[in-house]
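To find a chain, count down the sequence lines: A is the first, B the second, and so on, and within it residues start at 1. From a predicted model like this one, the values you see are computed outputs, not experimental measurements.
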Amino acid sequence: MMKQMQPVRGTSDLIPEEKARQNHVISTALNVAERYGFRDMATPIFEFTEVFSRPLGASSDVVSKETYTFEDRGGTSLTLRPEGTAAAMRAVISNGLTQALPHRWFYAGPMFRYERPQKGRMRQFHQFGCELIGPHSALADAEIIGCGAQILEELGVLDKCVLHLNSLGDTQSRQNFREALITYFSRFSDDLSEDSRRRLETNPLRILDSKDDGDRALLDDAPRLPDYLSDEARRHFDGVTAALDAASIGWTHDPLLVRGLDYYAHTAFEFVTDALGAQGTVLGGGRYDGLSETLGGPVLPAVGFAAGVERLALLIEQLHLPGSDIAVLAADETAEAASFGIAQSLRHAGLSAVQLMSGAMGKKMKQAHKMGCRFVVILGADELARDVAIVKDMQTGTQSDIARALLSDAITQMMKGTISE
RNA sequence: GCGGGUGUAGCUCAGUUGGUUAGAGCGCCAGUUUGUGGUACUGGAAGUCGCCGGUUCAAUUCCGGUCACUCGCCCCA
């Protein structure tokens with residue numbers, strides 16, 4: 001097969017079954033989010049490169065090696081969005097919405113990261129997310145987490161996930177802790193793994209969740225983040241956990257949970273599953289009070305989460321694709337045109353009908369059966385002459401002649417009379 | 001970006017210690033059933049054995065490279 005006949009590495013087609021699964025994930029998410037007052041919105045798929053490079057931190061992996069960045073014909077550097085939050089915040093500022101707070105936004109769409117593909121990790125993948133922009137209250141954090149939890153619950157995957165929760169503290173707390181970590185690990189720099197020596201330069205907090213055994217051994221005596229939280233940061237975290245407890249949302253404190261992106265502060269959380277190998281995070285987020293200022297906006301506290309549509313789709317059970325209720329078939333060629341007329345009238349009456357157009361009649365019946373159609377409408381020369389059509393109930397096997405003019409009404413009645421699942 | 005595994009029919013996989021016509025199940029098509037679906041039986045189509053190169057009288061099999069997928073690391077949804 002020609003190389004060009006394959007999709008680009010890390011991308012894939014969403015053939016109907018997979019697309020249906022993703023649609024189900026996204027529509028369930030939006031449905032829940034709307035009950036929390038979130039409103040669907042969208043930003044462009046590419047932005048000026050600075051929209052992502054400034055807030056995410058130029059040294060972060062996402063920006064330094066994972067973005068699709070290119071110059072357009074005018075020489076402007078543009079970047080395909082690697083995540084949704086920075087663009088959403090940019091949209092708040094661009095649209096002059098920094099006064100009319102709060103905003104409760106929901107978004108869903110493709111994201112792009114140039115990474116080595118794995119199961120649950122694609123170069124073009126899809127996320128949905130919620131951003132609650134304006135409140136600094138711990139209740140906002142709780143609402144975001146609660147919304148995420150309820151989405152997972154209604155998707156039927158919450159019991160496969162564990163909520164990991166941590167506080168990164170405010171900017172000052174985080175800064176103090178960071179320096180303490182650097183001081184501590186610098187003494188053992190020879191014992192650290194190669195990765196962690198690099199992290200010491202770029203993102204010391206990351207050493208905390210290193211999987212290297214040697215690194216882990218050093219963690220026992222390492223500074224602990226909770227010890228560096230300011231009183232205010234601690235109060236905020238307590239406020240979040242108290243709210244979660246009051247709503248019976250289970251969580252575990254994970255002092256090693258660190259989010260990669262620079263703009264996070266205070267609450268960080270991840271819903272993690274062990275069913276997806278190394279890509280266990282299915283929905284994650286936190287508070288990003290510093291983001292707006294990084295983008296040149298005013299001080300604007302905000303919390304949000306993003307969830308991976310592919311990862312969730314992998315977790316949910318097999319979905320049955322809704323097919324058509326009715327199959328229409330012509331028993332012979334003379335009835336073909338009229339059968340199209342019947343199909344059209346059924347569709348105009350609000351029913352779902354497909355025409356079966358190839359093969360002998362037995363073949364068409366087989367198709368109707370395989371497609372799971374509830375009724376088959378059969379029209380042949382004989383029926384045509386009598387101005388009727390046969391309606392066969394595929395569940396009971398019974399069939400009867402119905403006047404063609406009454407078909408839609410009759411089938412509508414028959415469908416009402418049965419309990420459809 | 002780093003390390004391991006895999007790549008044979010539409011799908012799931014056998015197999016070939018290098019040797020003529022590469023197999024199974026499922027699926028698909030046709031028939032038994034010339035105006036009627038679930039089962040059964042019968043027959044059929046379908047593979048450049050991922051791609052390129054090397055070794056060899058001979059490569060789907062061995063070797064190298066490459067591409068794709070996959071597992072782990074990194075990072076993250």
Side-chain angles (χ1 to χ4, degrees), chain A residues 1-12 25 29 56 59-66 82-85 108-129 148 161 193-196 198-199 202-203 206 209-212 257-261 270-273 276-285 304-315 327 329-332 334-335 356 358-384 390-399:
Chain A
M1 194 187 295
M2 288 166 60
K3 183 184 174 189
Q4 283 73 18
M5 285 294 102
Q6 298 177 349
V8 173
R9 182 166 157 86
T11 68
S12 76
V25 168
L56 300 191
S59 68
S60 74
D61 270 34
V62 169
V63 166
S64 63
K65 61 181 200 197
E66 293 176 6
E83 55 101 45
T85 302
M111 307 290 168
F112 306 84
R113 292 184 196 171
Y114 189 86
E115 295 186 279
R116 178 101 170 235
Q118 273 181 46
K119 185 198 239 171
R121 182 209 275 176
M122 305 287 290
R123 288 184 173 178
Q124 174 175 341
F125 61 105
H126 298 80
Q127 287 186 335
F128 65 84
C161 300
S193 67
E194 193 180 327
D195 280 328
S196 287
R198 178 180 52 76
R199 291 179 180 121
T202 57
N203 193 349
R206 270 282 161 215
D209 65 356
S210 171
K211 281 161 187 135
D212 182 88
L257 171 62
V258 179
R259 312 226 78 226
L261 308 181
E270 291 183 353
F271 287 86
V272 180
T273 175
L276 294 179
Q279 280 66 241
T281 301
V282 109
L283 185 154
F305 72 74
V309 176
E310 282 81 0
R311 290 182 185 180
L312 287 169
L314 286 168
L315 283 186
L329 64 89
D332 50 67
T334 61
L356 304 180
S358 59
M361 200 176 152
K363 178 66 191 162
K364 289 174 179 168
M365 290 299 294
K366 237 176 229 176
Q367 283 179 48
H369 177 80
K370 202 182 309 175
M371 291 164 60
C373 294
R374 180 66 214 285
F375 298 100
V376 176
V377 175
I378 303 162
L379 190 70
D382 177 48
E383 288 75 25
L384 213 46
I390 298 172
V391 175
K392 174 159 184 169
D393 183 325
M394 294 295 272
Q395 283 174 15
T396 63
T398 57
Q399 62 183 51

May I ask you to verify if any side-chain N or O of [X] is less than 4.0 angstrom from the OP1 or OP2 atom of [N]?
X	N	value
A:Gln118	B:G72	yes
A:Lys363	B:C29	yes
A:Arg116	B:G72	no
A:Arg9	B:A68	yes

Roughly how many Å apart are [M] and [N], using the [atom1] atom of each and rounding to a whole number?
N	M	atom1	answer
B:C62	B:A46	C1'	30 Å
B:A9	B:G44	C1'	14 Å
B:C75	B:G1	C1'	11 Å
B:G50	B:A14	P	14 Å
B:G15	B:G7	C1'	15 Å
B:G23	B:U17	P	15 Å
B:G47	B:G5	C1'	24 Å

If you check the [X] side chain, which of [options] turns out closest?
X	options	result
A:Tyr114	B:C75, B:G1, B:U36	B:G1
A:Phe125	B:G38, B:A77, B:C71	B:A77
A:Glu66	B:C75, B:G37, B:G1	B:C75
A:Arg199	B:A77, B:U70, B:C75	B:C75
A:Met365	B:U36, B:A77, B:G1	B:U36
A:His369	B:C75, B:G38, B:A77	B:G38

Protein-nucleotide distance ([X], atom [atom1]; [N], atom [atom2]), rounded to Å:
X	N	atom1	atom2	result
A:Lys370	B:U36	NZ	C1'	16 Å
A:Asp382	B:G35	CG	P	12 Å
A:Leu257	B:A77	CG	P	11 Å
A:Asp393	B:G37	CG	C1'	12 Å
A:Gln367	B:U36	CD	C1'	13 Å
A:Arg198	B:G1	CZ	P	15 Å
A:Glu383	B:G35	CD	P	12 Å
A:Lys119	B:G4	NZ	C1'	17 Å

Over all strands shown, is A:Gly129 touching base, sugar-phosphate only, or nothing at heavy-atom distances under 4.0 angstrom?
nothing
Is there a donor and acceptor pair closer than 3.5 Å between the side chain of A:Lys392 and the base of B:U36?
yes
Taking the side chain as every heavy atom from C-beta outward, state whether [X] and [Y] have any atom pair closer than 4.5 Å.
X	Y	answer
A:Leu329	A:Met365	yes
A:Met361	A:Ile378	yes
A:Val8	A:Arg123	no
A:Phe375	A:Asp393	yes
A:Leu283	A:Glu270	no

Donor-acceptor pair, side chain of A:Glu310 and main chain of A:His126, under 3.5 angstrom:
yes
Mapping A:Pro117 and A:Gly284 to their closest nucleotides on RNA chain B, which lands nearer the 5' end?
A:Pro117
Nearest-nucleotide comparison on RNA chain B, the residue closer to the 5′ end among A:Cys373 and A:Leu283
A:Cys373
B:G72 - base-pair partner by Watson-Crick or wobble geometry, distances under 3.5 Å:
B:C2
Given A:Pro82, which partner from the list A:Glu66, A:Met111, A:Gln127, A:Arg113 fulfils the side chain to side chain contact (heavy atoms under 4.5 Å, CB included) test?
A:Arg113
